[in-house]
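The next block holds one structure in the form of structure tokens; read it before the comments.
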Amino acid sequence: MPHITAFARNQWYVAAYGREVGRELLGRTILDEPIAFYRTEVHGTVTGGEVVALADRCVHRRFPLSAGRLDGDTVVCGYHGFTYDTSGTCVYVPGQKRVPRTARVSSYPVVEQDSLVWVWIGDPALADTGAIPRAPHLADSENWTTVGGMEPIDCGYGLLVDNLLDLSHETYLHGGYIGTPEVAETPMTTEVDEGAGIVRVSRHMDDAACPPFYSRSTGIEGRITRWQDIEYHAPCLYLLHSRIAPRGVLPRPDGGDPDAFHVEITYAITPSTDRHVYDFWSVSRDFGHGDEEMSAFLHDFNREVVRQDVDALNLLQKALDTEPPGYQELSINIDTGGLAARRILARLAAQGARPAAATAPAGSR
Ligand code: FES
Ligand SMILES: [Fe+2]
């Protein structure tokens, strides 16, 4: 099965971290759709309102609305001043009283959850039918300390899905950071829930070297028990539950696990265009709360790891673009999770086809 190129529309996607959306317009292109985001005013404060998502093209001459400005809760186009309310309806045009009836831009359903801003791309009438997967640790600052960021990559989003579902690349691409020989050497198990669109890939290493990412943050010296349990909720949310403990230390029979360190590594994979993807990444830990130095270390170290992936995927996409159509790949055991993800994404993309294509009368094609 080839790399995924079609988009799964009629799905929720992470557009931004909640902290990125405020009283400045933010422009992002999601599944080829340019969208302007902002937060409405709350009386007496300048932040804390609802997130609004409008098509980022003025109806007048297609100027990006994200390059304009806010006036209260309305958006004023930066070119000739057409002004839109939160529903996308134009409420003012310059030089005349009558606002043309067709003067409106699309607005997108938005949900803010777990500190992430999710936007629904596709038919807005179907937005209620799509469940949004949870990442509660991101907003649970009492039990988890989180650092994160976003790196755009110049590749199709399928390459990032492949990358994250097979962590054996840590050994080769991230050696000296998070990779050790055991990651590539240890077989993993894969479980696929086709109906729910979830792929689970687990790799439990019982006796592994501790990479700098974990030795420096946990202080463990010597060899470790390292568990990696991936949960990919297609198309957008990827959770890696990482458990680190001194070698031989296992969870207690009652499920308690006080002698281990837990790190939740969260990615949101949001396609921008067919050659561009937003890579949102976060690292949440259940130890060292309030330790700013540790937070800075984990942030900078993980950003470096993400940039290693960015460089590799930019290079890989360039190489693939020079290949003839229908090029061959050779898949092995480590690719089981990635291949399952491709199957699910292909199905979601087929379901989410634009209604015009889906409803074309029989015999017209
Ligand atoms: S392009 Fe927006 S007002 Fe002219
Ligand atoms: Fe990586």
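Whatever order the structure lists them in is the order used to number ligands and atoms, beginning at 1.
Taking every non-hydrogen atom of Gly81 and a distance limit under 4.0 Å, the qualifying atoms of ligand 1 come out as 3 (S). Atoms of ligand 1 found under 4.0 Å from any heavy atom of Phe63, numbered from 1 in the order shown, are 1 (S). The atoms of ligand 1 that sit less than 4.0 Å from any heavy atom of Arg61 are 1 (S). Here is the list of ligand 1 atoms found below 4.0 Å of a heavy atom in Phe82: 3 (S).
Here His80 reaches atom 4 (Fe) of ligand 1: one of its N/O/S atoms is less than 2.8 Å from the metal. Taking backbone and side-chain atoms together, His60 has an N/O/S atom less than 2.8 Å away from atom 4 (Fe) of ligand 1. Within the coordination shell of the Fe ion (ligand 2), defined by N, O or S atoms under 2.8 Å, Glu170 is absent.
Rounded to 10°, the angle that NE2 of His174 and OD2 of Asp309 form at the Fe ion (ligand 2) is 100°.
Side-chain contact between Val76 and Phe82 is absent, with no heavy-atom pair separated by less than 4.5 Å. For the pair Asp32 and Phe7, the minimum side-chain heavy-atom distance is below 4.5 Å.
In this structure, Arg28 forms a cation-pi arrangement with Tyr278, its terminal cationic atom sitting closer than 6.0 Å to the ring centre and no more than 45° off the ring axis. Because its NZ or CZ atom is both nearer than 6.0 Å to the ring centre of Tyr17 and within 45° of the ring axis, Arg19 counts as a cation-pi partner of that residue.
A donor-acceptor contact closer than 3.5 angstrom is absent between the side chains of Thr336 and Thr190.
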TODO: List the steps, then state whether side chain to side chain donor-acceptor pair (under 3.5 Å) holds for His137 with Asp114.
DONE: CA-CA 7 Å; His137 48 276; Asp114 301 330; over 6 Å; no

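Within 6.0 Å of CD in Glu24 there are 12 or fewer heavy atoms belonging to other residues, nucleotides or ligands.
When the heavy-atom distances from atom 2 (Fe) of ligand 1 to Pro94, Cys77, Ala103 are ranked, the shortest goes to Cys77.
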